[in-house]
Colleague: 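My questions all concern the structure below.
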There are 2 protein chains.
Amino acid sequence: MFTLLMSKLYLYPACELINLRDCPMKFEAVTIKDIAKALGLSTSTVSRALRDSYEISPETKKLVLEYAEKINYHPNPIALSLRERRSRSIGVIVAEIANSFFSQAIDGIESIAYKNGYNVIISQSRESFEREQIHLNYLTSRSIDGLIVSVASETKDFRNFKDLHDKGMPIVFFDRVVTDIDTHKVTVDNYQGAYNATRHLIEKGFKQIAAIANSEVLSISRERVAGYKAALADQGIKEKDSFIRHCAHGGLILSEVEEAVSGLLEQKTKPDAILALSDKITTGCFRILKSREIAVPDEIGLIGFSNSDLTELIGPPLSIIKQPAFEMGEIATGLLLQLIESKRPVTEFETKTLAPQLILRESSVNKKDRPVIIR
Amino acid sequence: MFTLLMSKLYLYPACELINLRDCPMKFEAVTIKDIAKALGLSTSTVSRALRDSYEISPETKKLVLEYAEKINYHPNPIALSLRERRSRSIGVIVAEIANSFFSQAIDGIESIAYKNGYNVIISQSRESFEREQIHLNYLTSRSIDGLIVSVASETKDFRNFKDLHDKGMPIVFFDRVVTDIDTHKVTVDNYQGAYNATRHLIEKGFKQIAAIANSEVLSISRERVAGYKAALADQGIKEKDSFIRHCAHGGLILSEVEEAVSGLLEQKTKPDAILALSDKITTGCFRILKSREIAVPDEIGLIGFSNSDLTELIGPPLSIIKQPAFEMGEIATGLLLQLIESKRPVTEFETKTLAPQLILRESSVNKKDRPVIIR
DNA sequence: AACGTTGCCGGGAACGATTGCGTAAATAAA
DNA sequence: TTTATTTACGCAATCGTTCCCGGCAACGTT
């Protein structure tokens with residue numbers, strides 16, 4: 001290195017000096033050429049030796065491998081990507097990272113991706129259609145091999161996803177899936193989750209149960225509301241349209257939750273319990289009830305979807321429907337990698353539906369029954 | 001496209017058919033060559049036209065740009081990376097994504113990186129030295145342009161970071177910094193944060209204030225403990241070694257927090273307040289006090305570092321020292337990009353210290369004073 | 001009329017790796 | 001000995017870009 005530098009300096013002193021300044025030297029890239037030159041071999045031989053090709057003699061292999069080890073050679077992943085036309089990275093679009101459900105899911109995604117030598121590139125839609133589409137564009141222009149998506153609350157137009165999928169981009173949806181696009185999907189049994197929670201409320205003596213859901217177009221909202229309605233029907237309770245509210249931004253904006261709650265409380269017969277059908281709505285709802293000094297569960301019972309560990313510590317501890325987020329991330333990634341690495345185009349897609357977990361605590365237990373704390 | 005395919009099919013029917021099967025067609029890569037061929041130009045001309053070079057006539061430019069737009073051309077970032085020897089992606093290593101502080105910081109990192117056309121590759125150490133080093137290795141072998149790190153609790157040996165930095169890899173530390181390595185750092189005024197919290201406890205009438213900190217080697221632990229001690233000293237309270245506990249894994253394992261709390265409660269004079277000096281420890285601590293049915297703050301007051309929004313909803317609402325996590329992520333990324341894109345090697349490094357925010361709620365207010373709820 | 005400028009463009013070598021093909025030497029088979 | 005076969009390696013193309021050259025017109029200058 002030193003001698004090399006010196007000789008170059010001798011030939012082009014100024015040029016080299018400038019170069020040294022301009023390039024902060026980065027990571028001294030030791031390439032296959034360096035090995036070839038040092039060992040008096042061709043790059044092809046070195047490459048094959050490193051890949052343990054049968055065409056290379058054991059002695060040469062040993063030589064190459066030892067030298068590569070010695071100078072700490074690592075194949076340049078970018079060169080590989082260019083040649084193999086795959087980047088070995090997958091894109092992820094979620095509403096927001098700082099949401100327990102998504103961060104746990106990303107955790108799962110990352111763990112499987114890492115094990116298989118893939119990078120994960122994360123972006124957040126913040127429930128905005130526009131941001132989602134921008135990120136979609138950006139990610140695809142960055143040549144990712146596949147995509148894992150939980151669509152934004154605002155999104156009503158799935159054409160871009162559809163086009164992308166039709167063009168051959170492997171996509172796996174999780175949590176909030178797009179029913180119209182035929183690909184792998186990973187969800188929780190939202191219907192059952194909402195059904196069980198509603199039924200639980202009824203069993204605990206609540207009569208007037210309202211529901212606040214995420215955006216109407218979202219798959220999870222439809223399924224959860226359906227579960228809620230079914231549970232009411234099964235218990236002979238008539239559903240009221242005025243008891244079902246939606247938050248277009250998934251509760252990301254507290255004011256929309258506030259509006260939903262207000263809408264419920266202003267009615268002639270007020271609800272005695274609220275079923276919150278999305279993470280942010282659950283905690284948002286509690287926040288509002290608390291600020292209005294409405295006692296939970298004595299005045300209004302509360303249960304909702306949530307993946308936060310801290311719900312247990314809230315006063316009163318919140319009953320929640322918890323999704324196996326980490327597992328969902330793992331499964332989605334497994335399916336995606338399967339799609340990416342499949343030799344032939346995949347035409348059979350599956351929808352994995354996991355079981356949600358109902359964790360009952362104090363917030364959903366009517367005073368008559370208190371304390372029935374099941375954990 | 002169709003005619004092209006047909007002519008190829010005519011020449012190499014079998015070959016093409018196999019190809020079509022093996023390659024799930026991916027993303028139909030429209031390249032600069034396609035444009036050149038279609039327009040009867042050379043690739044150099046097209047490239048230059050796209051980059052608006054002065055060497056290209058306005059007419060040709062127009063032609064190329066319009067055609068490129070029409071067929072939706074996007075430069076292949078991988079080819080660019082190979083040529084420019086930069087991947088336009090930065091690595092991030094944090095303890096765990098599903099931790100409010102880190103997810104908020106990542107949020108900030110991602111926003112700035114995205115604006116500047118960089119990808120973010122995230123990995124989690126889970127406070128383990130081994131995992132951290134594995135990820136460090138992996139990330140550097142994936143040719144990232146720079147690194148943002150908050151070191152793991154377990155890490156005592158910073159040689160790999162140091163070596164990497166010495167080799168020219170731009171690194172920015174945030175939150176948990178490595179004092180020995182001279183590079184940009186972004187922290188919060190940990191000393192002041194702990195000082196103010198301690199002082200607040202004293203003012204609220206607590207006399208026996210204990211502290212539970214993260215791993216001893218961590219910069220944040222040292223600074224926070226120092227602030228705690230200083231506040232005691234300033235108020236003429238003698239510090240007790242037995243009142244300072246450490247959690248080697250940063251509270252990631254609840255049992256170590258349990259052990260720390262037990263250690264405090266077993267003493268002849270028990271503490272009447274606990275200062276938790278790390279996110280996980282704060283909530284872990286509360287969790288344990290609650291499970292032991294120790295009233296907060298009546299029996300033991302509690303305040304601690306935390307970035308979770310839900311601390312407000314806990315019963316009783318937790319007083320916290322909150323870090324501007326999002327902002328820290330933004331600043332760290334800005335500094336990193338500055339480092340990456342600097343023409344000449346940077347030798348002057350700065351440490352940005354932001355102000356923590358003390359949010360006082362009920363958990364740190366002694367009964368005599370209740371209710372003094374400052375928000 | 002001869003020569004220098006300028007404008008505009010193409011050829012081709014990189015970047016780092018893989019791989020189909022060709023081929024020399026060494027060995028085996030005839 | 002001649003021919004076939006194997007062994008072990010090198011050449012060169014390729015992936016998509018950029019950019020250093022070099023070239024060829026059409027000018028303008030003397």
Side-chain angles (χ1 to χ4, degrees), chain A residues 12 15 18-19 22-23 26-65 68 71-88 117 141-143 145, chain B residues 12 15 18-19 22-23 25-64 68 71-88 117 141-143 145:
Chain A
Y12 319 99
C15 178
I18 289 168
N19 257 347
D22 281 355
C23 280
K26 281 290 164 270
F27 216 40
E28 69 205 45
V30 25
T31 78
I32 225 169
K33 274 187 200 163
D34 300 328
I35 304 182
K37 204 167 291 175
L39 264 44
L41 293 169
S42 76
T43 58
S44 359
T45 304
V46 174
S47 170
R48 271 185 275 250
L50 291 170
R51 315 209 121 236
D52 200 26
S53 159
Y54 68 98
E55 289 186 291
I56 304 300
S57 75
E59 304 86 54
T60 310
K61 274 183 195 170
K62 188 156 174 284
L63 200 67
V64 170
L65 286 173
I71 64 171
N72 194 29
Y73 166 80
H74 284 285
N76 183 326
I78 293 177
L80 282 176
S81 292
L82 182 58
R83 183 148 220 282
E84 297 175 356
R85 281 139 156 176
R86 60 199 309 233
S87 58
R88 282 199 163 269
S141 81
R142 290 287 303 200
S143 56
D145 295 343
Chain B
Y12 320 98
C15 178
I18 288 167
N19 256 348
D22 280 356
C23 281
M25 194 174 30
K26 281 292 166 269
F27 215 41
E28 69 205 42
V30 24
T31 77
I32 227 169
K33 275 187 198 163
D34 300 327
I35 303 181
K37 205 168 292 175
L39 265 41
L41 293 169
S42 75
T43 57
S44 347
T45 305
V46 174
S47 171
R48 271 184 277 248
L50 291 170
R51 316 209 122 236
D52 200 27
S53 159
Y54 69 97
E55 288 185 294
I56 305 300
S57 74
E59 303 87 54
T60 310
K61 274 183 194 170
K62 190 157 173 281
L63 199 69
V64 170
I71 63 171
N72 195 27
Y73 166 81
H74 284 284
N76 183 326
I78 294 177
L80 280 176
S81 292
L82 180 59
R83 185 141 222 286
E84 296 175 356
R85 283 142 158 169
R86 60 197 312 227
S87 58
R88 281 199 161 268
S141 82
R142 291 286 302 200
S143 55
D145 295 342

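Chain letters run A, B, ... following the sequence lines, proteins first and then strands; every chain starts at 1.
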Colleague: Identify the heavy atoms of Val30(B) and Ile71(B) that sit nearest to each other, and give their distance.
Modeller: CG2-CD1, 3.3 Å
Colleague: Give a yes/no answer on whether the side chain of Arg51(B) brings an N or O atom under 4.0 Å of OP1 or OP2 in dT18(D).
Modeller: yes
Colleague: What pairs with Leu39(A) under side-chain contact (heavy atoms from CB on, under 4.5 Å), at least two apart in sequence or on another chain?
Modeller: Ile35(A), Leu41(A), Leu63(A), Val64(A), Tyr67(A)
Colleague: Which residue pairs pass the salt bridge (Lys or Arg N to Asp or Glu O under 4.0 Å) test with at least one member in residues 33-42 of chain B, sequence neighbours excluded?
Modeller: none
Colleague: Could you grab the distance from atom OG of Ser81(A) to atom CG of Asp145(A), nearest 0.5 Å is fine?
Modeller: 7.5 Å
Colleague: Using whole Å, report how far CZ of Arg88(A) lies from P of dT18(C).
Modeller: 13 Å
Colleague: Side-chain donor-acceptor pairs under 3.5 Å in residues 47-56 of chain A, sequence neighbours left out?
Modeller:
residue: Asp52(A); atom: OD1; partner: Lys61(A); partner atom: NZ; Å: 3.0
residue: Ser53(A); atom: OG; partner: Glu55(A); partner atom: N; Å: 3.1

Colleague: Just to be sure I understand the geometry, which residues of residues 73-81 of chain A put a non-hydrogen atom under 4.0 Å away from DNA chain D?
Modeller: none
Colleague: OP1, OP2 of dC15(C) versus side-chain N and O of Arg86(B): anything below 4.0 Å?
Modeller: no
Colleague: Using whole Å, what does the distance between atom P of nucleotide dA14(C) and atom CD1 of Ile32(B) come to?
Modeller: 19 Å
Colleague: Going by number, which of residues 38-50 of chain A have a non-hydrogen atom under 4.0 Å from DNA chain D?
Modeller: Gly40(A), Leu41(A), Ser42(A), Ser44(A), Thr45(A), Arg48(A)
Colleague: Within the distance-only criterion (no hydrogens, no angle test), does the side chain of Ser87(B) pair as donor or acceptor with the backbone N or O of Ser143(B) below 3.5 angstrom?
Modeller: yes
Colleague: Roughly how far, to the nearest 0.5 Å, is the CD1 atom of Ile78(B) from the CZ atom of Arg88(A)?
Modeller: 12.0 Å
Colleague: Separation of Leu82(A) atom CG from dT18(C) atom C1', in whole Å?
Modeller: 11 Å
Colleague: Just how far, in rounded Å, is P of dT18(D) from CG of Asp52(B)?
Modeller: 13 Å
Colleague: So if I take residues 53-64 of chain A and measure heavy-atom distances to DNA chain C, which residues fall below 4.0 Å?
Modeller: none
Colleague: In this structure, how many angstroms lie between the P atom of dA13(C) and the CZ atom of Arg83(B), rounded?
Modeller: 13 Å
Colleague: Find the distance Ile35(B):CD1 to dT18(D):C1' and express it as a whole number of Å.
Modeller: 14 Å
